[in-house]
Number of protein chains: 2
Amino acid sequence: MGAAEGAGSQVKSAVRTVELLEFFAGRPGMHSLASVQESVGYPKSSLYMLLRTLVDLGWIETDATGTRYGIGVRALLVGTSYIDGDEVVAAARPTLDRMSDDTSETIHLARLDGTSIVYLATRQSQHYLRPFTRVGRRLPAHSTSLGKALLATYTDEQVRKLLPETLEPLTEHTHTDREKLIAELAVIREQGFAVDREENTLGLRCFGIAVPYRTPARDAVSCSVPVARLTAAHEQMIKDALFDARDRLLLATRRL
Amino acid sequence: MGAAEGAGSQVKSAVRTVELLEFFAGRPGMHSLASVQESVGYPKSSLYMLLRTLVDLGWIETDATGTRYGIGVRALLVGTSYIDGDEVVAAARPTLDRMSDDTSETIHLARLDGTSIVYLATRQSQHYLRPFTRVGRRLPAHSTSLGKALLATYTDEQVRKLLPETLEPLTEHTHTDREKLIAELAVIREQGFAVDREENTLGLRCFGIAVPYRTPARDAVSCSVPVARLTAAHEQMIKDALFDARDRLLLATRRL
DNA sequence: AGACGTCGTTCAGTATATAGAACGACGACG
DNA sequence: CGTCGTCGTTCTATATACTGAACGACGTCT
């Protein structure tokens, strides 16, 4: 998953602290010292001290026996504060509400981080189905309309540097060839929005558009619809809502 | 805000790392090195190294100039994973949905952490008003129905150890005297649930009940209603839903 | 039951992060 | 236009965290 690394001197304990937190985040549930040790590779004793410290601080919790570790409550507060402090999320609120009202479908605002997109805000469809999407969730950029819309604001060369040659498939429809994806990005630039045809979740089609308040774009909005419910008229309405939302967001984020 | 501290040898950089993250979480927006230095008190150079490290890792972000710091995207993932991995949250899902359907009001599931409660899950009322409550938000235990319901599962002595003598008021109705609060806790134990009469937010009354799958209880559920919309019949219905929910949750969390 | 294996915990030498001061860049002010 | 003050950054002795091995407790296998 690694983002930027390799800079000069780093504070070792700080690196390990966040790596540990990310480890526990990536594998929910409780883990023994030994199993953590095997995964992260630090010496047992170093890991032990670090875990003790983080437990004292409430960022990691232990079970009743004190020998199995899991992510703690304190981590929750910090994570969600990223959303609170973000000016784009704040500025997007009315637009997302409006998109939700207009389309009656599930709306997402997401940000590109490395090769993943991160959900920043959602508006759930009020339909019978409660889709399981959550703020903070990460998905591969190449399999989502949000990610593809954002990648399309990069040059082909930048995309080649960012993504590996073959991409991990999530469904049978996921593009696994980087060059084929790049070809699709050209189409996306042409038409102004991206489509995910069950490339991420079977039965779900998503329409995404980048909000180009900076170049390359960082944030995008999308609308997800079960294919079963999709008609040509509905699709056109969604596309209109998408362009409308982009214009509104561009206006709202002008001064950022 | 401090929770447990004062244990023996702790890894200094790890402590500082999370303290820094909590600082940025507590004060959204961008901060200069000097202003952070003043708040946390670490030597400039130590702080500088730490910040550089965390920026490299994506947990802290800088603006374009690279001199102002704010919380980063990576923090988001870890925080929300606490919710994902929690068995109680998972087990509570259907019960919360049912409470939401039954009452048509805003439902909360929260956990006690020190003297605060932390929202773990919410079901928003579908009414015109979209109340601003968010998973991860912390509120003082003494001013919420959730917190009081949880505190009532502690002994008076434990409560005295936990809370200061005078409590911070949030509205004109907040109890500020610890002993008065303890007296109220006795009533809560008697009737089985807690009420917040605009002690936290003006115009909002909340009914909370602890889920005693362990002692003292850790989690509670609540139902928040604008006073303007509250009738005697509605209130009775909410209380019934509350007891019903507690029983369901107790059943669902039996094996934890 | 006995011995073994695994796991969490402690200990002491060494590598490393820390802290205070000095440096250089920028902007404010006279 | 020069001086001063502030802020971010670099430098180096010293305090400290890291490591690998040894210890002790628990559960398991034969």
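It should be emphasised that the depicted structure is a prediction, and the values quoted were computed from it without experimental measurement. Chain letters run A, B, ... following the sequence lines, proteins first and then strands; every chain starts at 1.
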In whole angstroms, the gap separating C1' of dC23(D) from OH of Tyr48(A) amounts to 13 Å

Once the angle between the rings of Tyr69(B) and Phe24(B) is folded into 0 to 90°, is it parallel (under 30°), tilted (30 to 60°) or perpendicular (over 60°)? tilted

Taking the minimum atom-to-atom distance to the side chain of Tyr69(A), which one of dC18(D), dT9(C), dG8(D) wins? dT9(C)

What is the distance, to the nearest angstrom, from the CG atom on Leu51(A) to the P atom on dG8(C)? 10 Å

Grab the CD-P distance between Gln37(A) and dG20(D) for me, whole Å please. 10 Å

Within a strict 4.5 Å, meaning less than it, do heavy atoms of the Thr53(A) and Trp59(A) side chains meet? no

Compare all side-chain heavy atoms of Thr80(B) with those of Arg137(A) and state whether any distance is below 4.5 angstrom. no

Using a heavy-atom cut-off of under 4.0 Å over every strand shown, decide if Lys12(B) touches base, sugar-phosphate, or nothing. sugar-phosphate

Check whether the side chain of Lys44(A) and the base of dG20(D) form a donor-acceptor pair under 3.5 Å. no

Interatomic distance, Leu33(B) CG vs dA19(C) P [rounded to whole Å]: 14 Å

Using a cut-off of 4.0 Å on non-hydrogen atoms, how would the nucleic acid contact of Arg68(A) be classed: base, sugar-phosphate, or nothing? nothing

Give a yes or no on whether Gln158(A) atom CD has more than 12 heavy-atom contacts from other residues, nucleotides or ligands under 6.0 Å away. yes

Shortest non-hydrogen contact from Ala194(A) toward Lys148(A): CB-CB, 4.0 Å

Do the side-chain N and O atoms of Tyr82(A) and Arg74(B) include a donor-acceptor pair separated by under 3.5 angstrom? no

So what stems show up for DNA chain C if we need 3 or more Watson-Crick or G-U pairs in a row, all under 3.5 Å? C:1-6 with D:25-30, C:8-23 with D:8-23, C:25-30 with D:1-6

Taking any heavy-atom pair under 4.0 Å as a contact, classify Thr67(B): base, sugar-phosphate, or nothing. sugar-phosphate

Nearest-nucleotide comparison on DNA chain C, the residue closer to the 5′ end among Met49(B) and His31(A): His31(A)

So, are Arg16(B) and Glu19(B) salt-bridged, with charged N and O less than 4.0 Å apart? no

Between Val11(A) and Ser45(A), the residue closer to the 5' end of DNA chain C by nearest nucleotide is Ser45(A)

Of dC7(D), dC18(D), dA19(C), the nucleotide closest to the side chain of Arg16(A) is dC18(D)

